[in-house]
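Comments concern the structure below.
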Number of protein chains: 2
Amino acid sequence: MIMKDITPQQNKVLNCIKVYIKETGFPPTRSDICKEMGFRSPNSAETHLRALEKKGFISIASGASRGILVIDEEKGFYEETAETDSYPIIGLVAAGSPTLASENIEKQVPCPPNFFGSSFDYFLRVKGLSMKDAGIMEDDLIAVQKTHDVKNGDIVVARIDDEVTVKYFSKPSSDKIVLEPANDDFSDIEVDLRSEEFFLEGKYIGLIREN
Amino acid sequence: MIMKDITPQQNKVLNCIKVYIKETGFPPTRSDICKEMGFRSPNSAETHLRALEKKGFISIASGASRGILVIDEEKGFYEETAETDSYPIIGLVAAGSPTLASENIEKQVPCPPNFFGSSFDYFLRVKGLSMKDAGIMEDDLIAVQKTHDVKNGDIVVARIDDEVTVKYFSKPSSDKIVLEPANDDFSDIEVDLRSEEFFLEGKYIGLIREN
DNA sequence: TATTATACTGTATATATATTCAGTATAATA
DNA sequence: TATTATACTGAATATATATACAGTATAATA
């Protein structure tokens with residue numbers, strides 16, 4: 001992205017915004033910027049904000065108070081080589097809950113983005129022992145990549161009627177999916193796509209066990 | 001810092017705030033929380049916020065819009081130490097090699113130091129399936145803490161005559177150590193400390209599987 | 001030279017937002 | 001049993017805030 005030249009004064013305003021966020025945890029109002037910068041009119045802040053927005057340094061959420069989002073140029077680069085990203089741990093609630101809803105997030109954990117070779121989107125805490133023979137035990141964290149690109153034999157995270165499960169995936173025919181556990185005590189789950197709802201949450205990428 | 005117990009619902013609200021900030025860059029209003037949580041009254045959000053404040057999870061800037069600051073217990077720690085350390089992956093070479101010699105280092109991988117709760121010193125690449133029933137599979141990386149402080153039942157990394165092995169540890173008497181596999185196809189290893197050399201490399205702390 | 005961008009003051013206002021008050025209901029606790 | 005914490009609905013309101021409008025002034029373009 002090409003960012004037009006920022007003027008010294010606009011840079012001051014931009015920095016003042018960054019400092020404000022760092023200190024308070026939320027962005028400033030026009031009035032706050034005025035106080036920091038010594039302006040007497042909120043419109044001084046407003047016009048600076050519009051200029052910064054036009055030049056691509058910030059985005060402004062219309063109508064929202066404190067709706068300033070600093071678009072940090074370095075963030076992209078930073079994130080590529082960065083030490084860690086933060087990934088949510090999602091509890092595998094037995095049934096009835098939308099899987100990735102924020103309320104199911106146990107916590108965020110730092111982890112290098114390329115930790116498992118492939119990229120991934122979240123950690124899922126495993127319940128049950130249906131994948132025991134694949135070395136996936138209760139309370140393990142599996143790194144899940146949100147994707148629909150899965151092959152027969154992949155371990156996937158699937159949802160059938162709000163019930164989330166981790167199993168081997170295979171699709172023997174166009175309207176049938178078989179989810180196979182890695183534990184003789186469990187049976188295969190056969191899904192008839194003509195009559196049943198099936199949603200593929202993602203693909204198993206790696207595993208972490210905290211002992 | 002002692003934080004009083006958070007209720008499940010309060011945790012939902014807290015997570016919803018965190019997600020909102022992550023997605024928009026600024027904290028939600030009471031109304032925003034209502035939308036996310038499905039409340040019909042802004043006072044529902046308000047009371048939850050006050051409860052979260054009372055319990056020390058957030059602070060609220062009086063009078064300010066979106067004045068919610070998430071006091072992430074882990075954040076301070078997180079931000080300070082979030083830079084990953086570099087840990088060596090050591091190949092579990094069958095025999096004849098001093099374990100931690102540099103020639104056995106496959107590569108260095110970045111990982112947050114507190115990734116497994118306890119600190120650890122290196123990763124060991126597992127060979128064989130002797131710990132299969134404990135969910136430790138071939139080529140898994142186990143995080144090992146160099147220590148001699150192990151209890152019966154711990155999984156340890158031990159060396160007997162230059163041979164390195166991962167097993168359950170138990171010490172039934174002062175001159176006897178038993179290393180027990182988690183796989184019926186393998187037998188216990190009994191070490192007589194009066195006649196055999198035994199070296200405890202460390203303790204199993206956690207596990208990573210790259211798929 | 002006319003135009004545009006920058007850099008402000010000052011006033012006004014619709015609305016976004018925090019916050020209080022009045023209730024209802026349930027479960028836990030003393 | 002009374003009390004407190006939790007978990008809400010619903011309405012009301014003071015004010016915090018974005019944002020538009022009317023100006024002034026300077027420097028840099030076209």
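As the structure is a computational prediction, the values presented were derived from the model and not from experiment. Letters A, B, ... are given to chains in the order of the sequence lines, protein chains preceding strands, and every chain is numbered from 1.
- No donor-acceptor distance shorter than 3.5 angstrom exists from the side chain of A:Glu196 to the backbone of A:Leu193, with no hydrogens or angles considered.
- B:Asn152 CG: more than 12 foreign heavy atoms inside a 6.0 Å radius.
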**OP:** Kindly express the pairing pattern of DNA chain D in dot-bracket notation, using | wherever a base pairs with another strand and counting only Watson-Crick or G-U pairs under 3.5 Å.
**Re:** ||||||||||||||||||||||||||||||
**OP:** Summarise how protein sits on nucleotides 9-14 of chain D as a single string, 5' to 3': B when a protein heavy atom is under 4.0 Å from the base, S for sugar-phosphate-only contact, - for no contact.
**Re:** BB----
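- Residue B:His48 places at least one side-chain N or O closer than 4.0 Å to OP1 or OP2 of D:dA7.
- To the nearest angstrom, P of D:dA16 lies 17 Å from CD1 of A:Ile33.
- Between A:His48 and A:Phe57, the gap from one ring centroid to the other reaches at least 6.0 Å.
- Across the protein-nucleic acid pair, A:Lys12 atom NZ and C:dA7 atom C1' stand 12 Å apart, rounded to whole Å.
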What protein N or O atoms touch nucleotides 25-30 of chain C N or O atoms at under 3.5 angstrom, if any, and at what distances?
none

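- Listed by chain and residue number, A:Phe120 satisfy the ring-ring contact (aromatic ring centres under 6.0 Å, His included) test with A:Phe123 (two or more places apart in sequence, or in another chain).
- Distances shown here put a side-chain N or O of B:Lys55 below 4.0 Å from the OP1 or OP2 atom of D:dT6.
- Between B:Arg66 and D:dA16, a side-chain N or O to OP1/OP2 separation shorter than 4.0 Å is absent.
- A:Asp140 contributes no side-chain N or O that, together with a main-chain N or O of A:Ile136, makes up a donor-acceptor pair within less than 3.5 Å.
- In this structure, A:Leu14 atom CG and C:dA7 atom P are separated by 13 Å, rounded to whole Å.
- One interatomic measurement links the two molecules: CZ of A:Arg50 to C1' of C:dC8, which rounds to 17 Å at whole-angstrom precision.
- You'll find the side chain of A:Glu36 stays beyond 4.5 Å of the side chain of A:Pro28, heavy atoms only.
- Taking atom CG on A:Leu49 and atom P on C:dA7, their separation rounds to 13 Å, with Å as the unit.
- Partners of A:Asp133 under the salt bridge (Lys or Arg N to Asp or Glu O under 4.0 Å) rule, at least two apart in sequence or in another chain, do not exist in this structure.
- The CD1 atom of B:Ile68 sits 11 Å away from the P atom of C:dT17 (whole-angstrom rounding).
- When rounded to the nearest whole Å, the span between NZ of A:Lys54 and C1' of C:dA7 equals 15 Å.
- A side-chain donor-acceptor contact under 3.5 Å links A:Arg209 to the backbone of B:Gly135.
- Under the side-chain contact (heavy atoms from CB on, under 4.5 Å) criterion, B:Glu46 pairs with B:Arg30, B:Asn43, B:Arg50, not counting sequence neighbours.
- A search for side-chain contact (heavy atoms from CB on, under 4.5 Å) contacts involving A:Val178 returns A:Ser170, A:Pro172, A:Lys176, A:Asp188, A:Glu190, not counting sequence neighbours.
- Side-chain atoms of B:Arg66 and A:Ser65 include a donor-acceptor pair closer than 3.5 Å.
- For A:Gln10, a side-chain nitrogen or oxygen approaches OP1 or OP2 of C:dA7 to under 4.0 Å.
- Annotation: proximity of residues 20-31 of chain B to DNA chain D (heavy atom, distance under 4.0 Å) is found for no residue.
- Under the salt bridge (Lys or Arg N to Asp or Glu O under 4.0 Å) criterion, B:Asp154 pairs with no residue, sequence neighbours left out.
- Take B:Tyr204 and apply the ring-ring contact (aromatic ring centres under 6.0 Å, His included) test, not counting sequence neighbours, and it matches no residue.
- Rounded to a whole Å, the CD atom of B:Glu53 is 13 Å from the C1' atom of C:dA18.
- When heavy atoms are screened at a 4.0 angstrom cut-off, A:Glu46 is found touching base atoms of the nucleic acid.
- Under the rule for a ring-ring contact (aromatic ring centres under 6.0 Å, His included), B:Phe198 has no partner lying at least two apart in sequence or in another chain.
- Checking B:Ser65 against B:Val13, the closest nucleotide of DNA chain D that is more toward the 5' end is the one next to B:Val13.
- Using a 4.0 Å heavy-atom cutoff across all strands shown, B:Ala64 reaches sugar-phosphate atoms only and no base atom.
- The residue among B:Thr7 and B:Gly63 whose nearest nucleotide of DNA chain D is located toward the 5' end is B:Thr7.
- Annotation: side-chain contact (heavy atoms from CB on, under 4.5 Å) contacts of A:Arg194 (sequence neighbours excluded): A:Asp175, A:Asp192.
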